[in-house]
Amino acid sequence: MKAVSLISGGLDSTLATKLIIEQGIEVFALNTRTPFCTCDKKQPKGAGCRHEAAHVAEKLGITLKIVNVSPQMLEIIKHPKHGFGSNMNPCIDCRILSFKKAKEYMREIGASFIITGEVLGQRPMSQRRQMMDLIEKEAGLEGLVLRPLSAKLFEPTIPETNGWVDREKLLAISGRSRKEQMALAAGLGINDYPCSAGGCLLTDKGFSQRIKDLLAHDELTLDNVELLKAGRHLRLDDKAKIVVGRDERENSLLEAIKKEGDLIFRPSEDLAGPTVLVRGVLRPEKIEFVCGVLASYCDLDGLKEADIEVVFPSGIKQDRKAPPLSRVEFQQYII
């Protein structure tokens, strides 16, 4: 008997998977990735990020398949059939997409049902009983989704009625508290898991405002979404926006993700300040404005102007001098 477990890398999906493994079911893990995931865990001493789903799969000794659903997610954001949550999070449609991918994987490996770490009532949009039923139905998985942490609060699923799993060994957890899960984890020897606050950038108010701006200007692409993750963002006009690095790491990132057609503004080597990336069509008369924004974030140490290098898409470089703008002068452009 095989099952597919949707693993995020968080505690709930880890526990749900462990409970079914202990019943002798061969479990295969599936993780869906989008540019909005915040599930990777930063490691100490510059060791980079740990992919939490891969870490969980390794600890549980199961096979993991990672599916990139970024293009589909962009289309969902443009046209969410079931709407958004409190910000730009299309949780219902996102969940349906994940279930459909799990169904495809289930057929691919000859598995018989799906496992999720969902807890009834834990999330206000996607984990209400009515919505959970709807997601199952639209994914074509009615009766085949087993939620081990809340199973006893639902009607028995096909895996339970067919005797593939023992319902008596499943749980009846509900609500937003994770005290029961943490106690269960301690009993199972699971102690290396991320906090419960992770998840999705689309639930963040500030990030959602940037997504709305891309939608309003018909600029929602994967390249532009990646750019949203760094810097301060200013919308100059319908054709151009600028991104101001906030620290050395972001300055380097902006230089690295620059694409053809972008302009780069940077302070002289002896001046501490941000790299600025301009994406879109920058009108010549706006160059001075961008230089002024950059200068406003420089440590001028009494100087009245900043020395700035402008790198045009053609590769031509131009030196400029610019006095800093006051924040009031560009506050209205900040996204």
[X] [atom1] to [Y] [atom2] distance, which is reported to the nearest 0.5 Å:
| X | Y | atom1 | atom2 | value |
| --- | --- | --- | --- | --- |
| Q127 | R176 | CD | CZ | 10.0 Å |
| D223 | E260 | CG | CD | 11.5 Å |
| N89 | R123 | CG | CZ | 10.0 Å |
| T17 | F28 | OG1 | CZ | 13.0 Å |
| I25 | K2 | CD1 | NZ | 12.0 Å |

Just by modelled atom types, is the L253 backbone N or O under 3.5 Å from a matching donor or acceptor in the K258 side chain?
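Side chain of K258 to backbone of L253: no pair is present.
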
Treating T34 as the side-chain partner and M73 as the backbone partner, does any N or O pair qualify as donor plus acceptor under 3.5 Å?
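Flag not set: sc T34 to bb M73 has no pair under 3.5 Å.
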
Taking CD in E58 as the centre, count heavy atoms belonging to other residues, nucleotides or ligands within less than 6.0 Å. Is the count above 12?
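Counting other residues, nucleotides and ligands, CD of E58 stays at 12 neighbours or fewer.
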
R246 to Y297 six-membered ring, cation-pi geometry met (6.0 Å, 45°):
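The answer is no, since R246 fails at least one limit relative to Y297.
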
Any ion pair linking E226 and K229 (charged N to carboxylate O, less than 4.0 Å)?
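Looking at E226 together with K229, the answer is yes, because their closest N to O distance falls below 4.0 Å.
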
For the residue pair Q209 / H233, report whether a side-chain donor-acceptor contact shorter than 3.5 Å exists.
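Per modelled atom types, H233 and Q209 side chains form no pair under 3.5 Å.
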
Could you tell me if S252 and E255 have a donor-acceptor pair between their side chains, going purely by distance under 3.5 Å?
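S252 and E255 do not have a side-chain donor-acceptor pair below 3.5 Å.
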
Decide yes or no on salt bridge (Lys or Arg N to Asp or Glu O under 4.0 Å) for R147 and E118, but give the supporting numbers first.
CA-CA 6 Å; R147 302 173 175 90; E118 293 170 297; 2.7 Å; yes

Would you say S5 and I20 make side-chain contact, with heavy atoms under 4.5 Å?
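Sidechains of I20 and S5: no contact.
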
